[in-house]
Participant: 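This is the structure I want to talk about, given as structure tokens.
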Amino acid sequence: MSNPFLDQAKLNPMQRKAAETTEGPLLVLAGAGSGKTRVLTHRVAHLILDMGVNPWNILAITFTNKAAAEMKERILHMCGETAADAWVSTFHSACVRILRREIEALDFSKDFTIYDDDDQGKLIDQILKQKQIDAKQISVREIKSKISDAKNRMLTPAEYRKEAGADFRTEKIAEVYSDYEKHLKSNNALDFDDLILKVIELFQKFPATLERYSKRFRYILVDEYQDTNHAQYILVELLASNWGNLCVVGDDDQSIYGWRGADITNILEFERSFPNAQVVKLEQNYRSTNNILNAANAVIDHNEGRKRKQLWSDKGEGDKLQVEHLSDEKAEAMFVQEEINTLCRAGCQYSDIAILYRLNSQSRLFEEILLGSGIPYKIYGGQPFYGRKEVRDAIAYLRLMVNPNDEIALRRIINVPKRGIGAATIDEIQQLANAHDDTLFGVILDCDQYQFSGRSAGRIRDFAVLMEDLISQSILLPMDEFMKFLLERTGLMDEYRKERTDEAKDRLENQEELINAVARYHVDYPEAALSEFLINIALVAEPEERLLAGGDTKGTVNLMTIHSAKGLEFKAVFLVGMEEGLFPLNRSATDEQQLEEERRLCYVAMTRAMEKLYLISTSYRMLYGETRPSTRSRFLAEVPCELCESKMEQAQERTFMSRQKRDWEVPPGGNANIEKLHIKTPLRTKYYTGATGVDDSAILQRKRQYEPAMKVRHKHFGEGTIISVKGNGDDMVLKVAFPDKGIKDLVAIYAPLEII
DNA sequence: CCTCCCAAGGTTTTT
DNA sequence: CCTTGGGAGG
């Protein structure tokens, strides 16, 4: 048993104050790496062990499942099993927990479905078609974000419309919003925003319910408070309305989700919203050396609206930041690769290293180069497991079993796998449903009562039989067996079995993994119904096993966007693509607010580093398949020269370009902007030509080796034989024959080819 | 109804 | 560069 008093001795005075100020509103401004999680867990332990608070009266809210799981585990470890009664969960799962108990008061059924981003898009698409609005005029994407905006600001469709005034587009969006809400209701579905909103609505309409919950939660903690949106703020305010013991922890400088509705004013104006609030600043950083901290501080200092903090550390100055400027993104990747080798020769583990970038698309080249050099790596992000098509299709069937009103699920699978029920047939069903005031699913199940045109009658009938079969088995079988039965009976698996490509194999494996996930869930929660499994996966996006496997990064370099790096730390960080237009990103650099968010992003990235921080930019960058000259990021200019290594060094050395020909003209004497910057801050510019031999990437060597009759493997087309090689250098074009895909012309430098 | 081809467009993503 | 969606043709 660990002794909490001993543990508490390890807290610094400010941390201790944050942990022990239990009464009244408290704002803890926790700088990057200041031991925030320690404070949160010790605070809970202090409540339970020192003050004798019943864990049942404690609510701790985080944003991610991972954070919630970690906190829960630490609390259990410190306080023992009794602490299991405390609610430690994400905003969304706390709300679902409440809604599963209370939502019938709002006229939804308990078996409601949660619509994720994809479902929302499908629903909006459907509405646009019904309303004959051209999706080109107003994109689904835009509408989705506008609706979410409106919801976060707690505007009903009617209120949103009023706000729209005479603006035609906004008016249209308001109309779609209104329909969208109607559809959610009739589908018995809630989107993510609704999970929060419906709880607020419940509390506002039924004061007795609010009283039950607000009396229960005597002590409330909210983590990552800078990421809360307006609705979440209101929810917290309601929950804390009885006792007022609300502790929020966050860092306004790390607010990077504004574009998702996070409202930074929540944290900036906490003291105004909760007048007698106390404030504790945690400014001692336990992560980074002072050179890194001072550089990060200097950058973030350029932002206007913020709570001043000055992070410091007792780790000494440490190494200077390494600022590198290279010719292009390929040189950048190769530089990073070499530097990783150097670091590792000096005793660094691969897992101590991270490559951070602004856009996911930047990962591709690093992947290629690292693959060629044999450095193990892991790329974070990408499609989450439950977001994969083959998994979602299977889940849609499950959803339909639980909630027959889920029209999005029905439309998704009615013709998957292909069974000859196309748009025209669905229209016909829709007409009948409208005429008889029934749902689509209702009409299908009662298909014998209706007249269908031509061939569709038989097909609908077959589908109805399939559905009835599934429904009865869903009741009879345990859920894991049902999952297996479903995948077989529907033909979802056969679809991929008969297609013998690598991709189909992957998809089959994912379907098998889904069966495993259901089985594991069934073992863990033998009493749980299918509906609970569905809620669970809607809120987690990744099965537990996969989360763990993903979390085990021993021995791999970590590649991820800066956004996904928040909350993590690495001994060495490569912050790449430090160029205007990329970071800060073009579309974000337009207004001051967005620029400040980009700068916070830069701050987050820099403060991930413990010992070594590389800031890397290039002269030319290919983005979206187009190579363009680039200029160094303004953020680089905000880093004081004396903290950087290369800035102090000699003037640039001019070398030849790494590529001979391009589709744009280099102005005589080079790019004016680059020259200007070079004069201001002399830089060492490195060029990689691939001609220097052994150390260079295998990719470049391979490029030269293509010859006719050679066997190659293509990422998508599989194995093939080179028929001819034309041109050289960047212009080299290969004609390759693939046994089942035919003859392809491939540009050698781009094609994902491997010589075999 | 399905499949193939071409044009357009393309942040960041805890839930 | 890649993915995606809409339109034409089978």
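Lettering of chains follows the sequences in order, A, B, ..., and the numbering in each one begins at 1.
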Participant: What's the closest nucleotide to the side chain of A:R358 if the choices are B:dT14, B:dT11, B:dT15?
Facilitator: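 Selected nucleotide (nearest to the side chain): B:dT11.
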Participant: If you assign each of A:I421 and A:N360 to its closest nucleotide in DNA chain B, which residue comes earlier from the 5' end?
Facilitator: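 First, find each residue's nearest nucleotide; the 5'-ward one identifies A:I421.
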Participant: Looking at residues at least two apart in the chain, or sitting in another chain, which of them share a ring pair (Phe, Tyr, Trp, His ring centres under 6.0 Å) with A:Y357?
Facilitator: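 Counting only residues at least two positions away or on another chain, A:Y357 forms no ring pair (Phe, Tyr, Trp, His ring centres under 6.0 Å).
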Participant: Just to be sure I understand the rule, does A:Y257 reach a base, reach only the sugar-phosphate, or reach nothing, if contact means heavy atoms closer than 4.0 Å?
Facilitator: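 Touches a base.
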Participant: Among the candidates B:dT12, C:dC2, B:dT15, find the nucleotide nearest to the side-chain atoms of A:N65.
Facilitator: B:dT15
Participant: When all nucleic acid strands are considered with a 4.0 Å heavy-atom cut-off, which category describes A:A424: base, sugar-phosphate, or nothing?
Facilitator: sugar-phosphate
Participant: OH of A:Y357 versus P of B:dT11: gap in Å, rounded?
Facilitator: 15 Å
Participant: Tell me if B:dT12 is syn or anti. Syn = glycosidic torsion within 90° of 0, anti otherwise.
Facilitator: anti
Participant: Can you confirm if the aromatic rings of A:H563 and A:Y257 lie within a centre distance of less than 6.0 Å?
Facilitator: yes
Participant: Determine whether a donor-acceptor pair (one donor, one acceptor, N or O, separation below 3.5 Å) exists between the side chain of A:R260 and the base of B:dT11.
Facilitator: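 Per atom types, no contact qualifies.
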Participant: Output yes when at least one side-chain N/O atom of A:N586 is less than 4.0 Å from OP1 or OP2 of B:dG10, else no.
Facilitator: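 So the side-chain polar atoms of A:N586 never come under 4.0 Å of the phosphate oxygens OP1 or OP2 of B:dG10.
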Participant: Using the closest heavy atom to pick a nucleotide of DNA chain B for each, name whichever of A:L359 or A:R419 lands nearer the 5' end.
Facilitator: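 Taking each residue's closest nucleotide, the earlier one in sequence belongs to A:R419.
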Participant: Heavy atoms from C-beta onward define the side chain here; which of B:dT12, B:dT15, B:dT11 lies closest to that of A:L539?
Facilitator: B:dT15
Participant: What is the distance, rounded to the nearest whole Å, between atom CZ of A:R141 and atom P of B:dG10?
Facilitator: 7 Å
Participant: Can you check the A:L601 CG to B:dT11 P distance for me, whole Å?
Facilitator: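 The answer, rounded to whole Å, is 15 Å.
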Participant: Do A:Y624 and the base of C:dC2 stack face to face, with centres under 5.5 Å apart and an angle between planes under 30°?
Facilitator: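 Not stacked: fails the 5.5 Å / 30° test.
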Participant: Just N and O in the side chain of A:T62: are any of them under 4.0 Å from OP1 or OP2 of B:dT14?
Facilitator: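 No, because none of the side-chain N or O atoms of A:T62 sits under 4.0 Å from OP1 or OP2 of B:dT14.
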Participant: Using the side-chain heavy atoms of A:K418, tell me which of these nucleotides is nearest: B:dT3, B:dT13, B:dT15.
Facilitator: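 The nucleotide sitting nearest to the side chain is B:dT3.
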Participant: Is it possible for you to check whether A:K378 lies under 6.0 Å from the centre of the six-membered ring of A:Y380, through NZ or CZ, and within 45° of that ring's axis?
Facilitator: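 Yes, A:K378 and A:Y380 form such a contact.
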Participant: Would you kindly give the CD-to-C1' distance between A:E626 and C:dC1, to the nearest whole Å?
Facilitator: 11 Å
Participant: Residues two or more places apart in sequence or in another chain: which of them pass salt bridge (Lys or Arg N to Asp or Glu O under 4.0 Å) with A:E102?
Facilitator: A:R212
Participant: CG of A:D119 versus P of B:dT13: gap in Å, rounded?
Facilitator: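 Going from A:D119 (CG) to B:dT13 (P), I get 20 Å.
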Participant: Check the side chains of A:Q226 and A:R600 for a donor-acceptor pair under 3.5 angstrom, ignoring hydrogens and angles.
Facilitator: no
Participant: In this structure, how many angstroms lie between the P atom of C:dG5 and the NZ atom of A:K122, rounded?
Facilitator: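 Atom NZ in A:K122 sits about 9 Å away from atom P in C:dG5.
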Participant: B:dT11 C1' sits how many Å from A:E142 CD, rounded?
Facilitator: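 Value for this atom pair: 16 Å.
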Participant: For A:D117, answer base if it contacts any base atom (sugar-phosphate contacts may also be present), sugar-phosphate if it contacts only those atoms, and nothing otherwise; contact means non-hydrogen atoms under 4.0 Å.
Facilitator: nothing
Participant: In whole Å, what is the span from the CG atom of A:N415 to the P atom of B:dT3?
Facilitator: 10 Å
Participant: Describe the nucleic acid contact of A:S564 in one word from base, sugar-phosphate, nothing, applying a heavy-atom distance below 4.0 Å.
Facilitator: sugar-phosphate
Participant: Indicate, with a heavy-atom threshold strictly under 4.0 Å, whether A:T425 touches base, sugar-phosphate, or nothing.
Facilitator: sugar-phosphate
Participant: Please determine, for the side chain of A:F192, which listed nucleotide (B:dT11, B:dT15, C:dC1) has the closest atom?
Facilitator: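 In terms of side-chain proximity for A:F192, the closest of B:dT11, B:dT15, C:dC1 is B:dT15.
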Participant: Say you draw a straight line from OG of A:S148 to CD of A:Q120; how long is it, rounded to the nearest 0.5 Å?
Facilitator: 7.0 Å
